[in-house]
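In this text the structure is predicted, and so the values were computed from the model without any measurement. In what follows, chains carry the letters A, B, and so on, assigned in the order in which the sequence lines appear, proteins first and then strands, with residues in each chain numbered from 1.
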Protein chains: 2
Amino acid sequence: MVTLAEVAKHAGVSASTVSYVLSGKRSISSPTRERVERAISELGYHPNAGARALAGKRSHIIALVVPLRTDVYVPVMMEIAISVTVAARSHGYDVLLITNDEGPEGLRRVAASGLADGVILMDVELDDARIPVLRETGTHAALIGLPADTRGLACVDHDFAGAGALCAEHLADLGHQDIAFIGYAPGVYQRHAGYAERTLSGFRERAAQRGLRVLHRPCEGSYESTAGALSRILADRPDTTGFVVQNEGAIGPLLSLLRTSGRVVPEDASVVALCPEPLAEQYSPRLTAVTGPAHELGRQAVELVMNRLDDRPTAEVSLLTPVLTPRESSGPAPVR
Amino acid sequence: MVTLAEVAKHAGVSASTVSYVLSGKRSISSPTRERVERAISELGYHPNAGARALAGKRSHIIALVVPLRTDVYVPVMMEIAISVTVAARSHGYDVLLITNDEGPEGLRRVAASGLADGVILMDVELDDARIPVLRETGTHAALIGLPADTRGLACVDHDFAGAGALCAEHLADLGHQDIAFIGYAPGVYQRHAGYAERTLSGFRERAAQRGLRVLHRPCEGSYESTAGALSRILADRPDTTGFVVQNEGAIGPLLSLLRTSGRVVPEDASVVALCPEPLAEQYSPRLTAVTGPAHELGRQAVELVMNRLDDRPTAEVSLLTPVLTPRESSGPAPVR
DNA sequence: TTGTAAGCGTTATCAA
DNA sequence: TTGATAACGCTTACAA
């Protein structure tokens, strides 16, 4: 194993000079810098991570806490994890993966041992058990998701209310009057999951402004539950021509069922999905969809942690603007 | 921050005693052990990771290298990542996430810096650029996937040939004679991706043994490409009654197209998918599918790395047995 | 602009 | 069964 001392000897300088060349924390004359850099590459030197952490009081690692089972669509979780890793690397940081099966104690372990300098929590809940640990240990952290009490925390999330509003806006613009919102499973609303409620209220508010009639139906996402939701919707409001779906599992069934019931999309019924782009693209017809930038979520979370590590102040909450991409599944309301 | 020295003072013993209580590397009398353990919990001591790595020459971290873009269905990648993390924790190890955008150099960095003691590579290709680095640096590693040359390496993968055989077997048992295999995109076969070729040859071999007629059609997975593949199949072999699909994207389109063409599944045509369970469950009809245990892949990879770290010999290749779960999409061949 | 040297918090060897 | 103590490889005052 090549050590800093060996590099120093090889370059004919002191150890501290090598260290300073690496860290850039003091100015070095070009000739020495070059000698050192040559020595480094000739010997294939890589600083020892443990020693660096011990002496420098910084592990250059951030922990990413992922839930075992999650509300978040898995490919999106992965996209976030990857964007976090890439963004962290651009700051010279690596990412440690922590699963939530250790519970909040995992956080404490990682922070107290100095294994990680900071933490990013994914899939944060309104009343998240990990937050007290964060406060108690004073760990530098960024949250993806919005807890009930954000005081002193740094959070990034999609602007779900804005996303809901966008759906209402789009369908109203197309002349639809009766809209059904097919949502997550009832349990999700019963435990007051923030993203679900925020989307729904953003949607409802804008719908009210635009004078739309709205029906909200929770849905498990299975074929059967979607069929149940749809038939109730059509029974209660036969004039429904617009559908907003916020439930990945319900999309496929909904499209099949509309077809089966003789409704052509988008001529007879318009469908707007709240889902990731790749999902929207893979259906036939391709779905008009509202999406938030998942990789941006990861990137910003990393920026937040880095800012906190360097004692730069950060805003408490940052919401990312969603985008509606019109595709083939939405069109003008049918004339009656 | 609580140090080992503070614990020692609090317990009235020497630092080394505390260290040995923690590592269990020498026998300690019960009374001292208890005093030390009490001190540890009273002070909330967590050993410093950097110091431990430096002195002990082991970081207790393994790196998991994930591809940015992948052939593997993303939720399965995530499942593997999580099972790796959980399994690693059970050995006192943490997992560092490395993306492949650093290229093979990322591996070298992580190994040479002592950041990780070992490495798990996901989505390994036949001629993987990361393998030379592994050999050159002598890094302890486990590969998920099978490279062309496995000498000296520890690999785990699904038994794709077995999976293919299982599909042929199942359809033959049901009396089907003409089977179409709807595969991955042509490019996947052109670059001789191991899993694709192994599945296909396993399938072909068993089909031949059972006297089945077989048609293999690569497919991009889009609606259009699936439609193209299906119409060619039905043109070339109108008597085709069995379909094997190994392309997540093609499943939905195939089911729609069969329905559209007036074929009822499973009365007129049987479909067997090579895909993860959750995917098979979410279609209507639910799909008979062949699946490999993804979490087992992660678990075994960790065991392999741990064995290598402790100089225990390991087999070069371990293939995990796939399972066929019969569901609603396959049934007896129609009588002619 | 560069060098010297004192830690950082463990582990593990050598004694006792 | 336990205690001193010398590494481990780096960072960072403090000197020069």
Salt-bridged, Lys9(B) to Glu6(B), with N to O below 4.0 Å?
-> no
Could you give the distance from [atom1] ([X]) to [atom2] ([Y]), rounded to the nearest 0.5 Å?
{"X": "Asp128(B)", "Y": "Leu143(B)", "atom1": "CG", "atom2": "CG", "value": "7.5 Å"}
{"X": "Cys155(B)", "Y": "Ile131(B)", "atom1": "SG", "atom2": "CD1", "value": "7.0 Å"}
{"X": "Ile61(B)", "Y": "Leu96(B)", "atom1": "CD1", "atom2": "CG", "value": "6.0 Å"}
{"X": "Arg312(B)", "Y": "Glu303(B)", "atom1": "CZ", "atom2": "CD", "value": "8.5 Å"}
{"X": "Thr291(A)", "Y": "Glu277(A)", "atom1": "OG1", "atom2": "CD", "value": "3.5 Å"}

Any side-chain N or O of Ser29(B) under 4.0 Å from OP1/OP2 of dT2(D)?
->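 Indeed, a polar side-chain atom of Ser29(B) lies that close.
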Distances under 3.5 Å between protein N/O atoms and the N/O atoms of nucleotides 11-15 of chain D, please, pair by pair.
residue, atom, partner, partner atom, Å
dT11(D), OP2, Ser19(A), OG, 2.8
dT12(D), OP1, Lys25(A), NZ, 3.4
dT12(D), OP2, Lys25(A), NZ, 3.1
dA13(D), N7, Tyr20(A), OH, 3.4

Residues 44-57 of chain B, side-chain donor-acceptor partners within the protein, below 3.5 Å, at least two apart:
residue, atom, partner, partner atom, Å
Asn48(B), OD1, Gly50(B), N, 3.0
Asn48(B), OD1, Ala51(B), N, 2.8

Partner set under side-chain hydrogen bond (donor to acceptor under 3.5 Å, both in side chains) for Arg33(A), not counting sequence neighbours |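 Listed in chain order: nothing, the list is empty.
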Ser59(B): side-chain hydrogen bond (donor to acceptor under 3.5 Å, both in side chains) partners, not counting sequence neighbours =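 If we apply the side-chain hydrogen bond (donor to acceptor under 3.5 Å, both in side chains) test to Ser59(B), skipping adjacent residues, the hits are Asp117(B).
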Without decimals, in angstroms, what is the distance between [X] [atom1] and [N] [atom2]?
{"X": "Ile40(A)", "N": "dG9(D)", "atom1": "CD1", "atom2": "P", "result": "16 Å"}
{"X": "His60(A)", "N": "dC10(D)", "atom1": "NE2", "atom2": "C1'", "result": "11 Å"}
{"X": "Leu54(A)", "N": "dG9(D)", "atom1": "CG", "atom2": "P", "result": "12 Å"}

Counted 5' to 3', the first and last nucleotides of DNA chain C within 4.0 Å (strictly under) of a heavy-atom of chain B are dG9(C) to dC14(C)
Hey, what bend do you get for the helix from dT1(C)-dA16(D) to dA16(C)-dT1(D) if you fit axes on five pairs at each end, rounded to 10°?
->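 Inter-axis angle at the termini of the helix from dT1(C)-dA16(D) to dA16(C)-dT1(D): 30°.
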Determine whether the side chains of Thr137(A) and Arg108(A) contain a donor N or O and an acceptor N or O closer than 3.5 Å.
->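 There is no such pair between these side chains.
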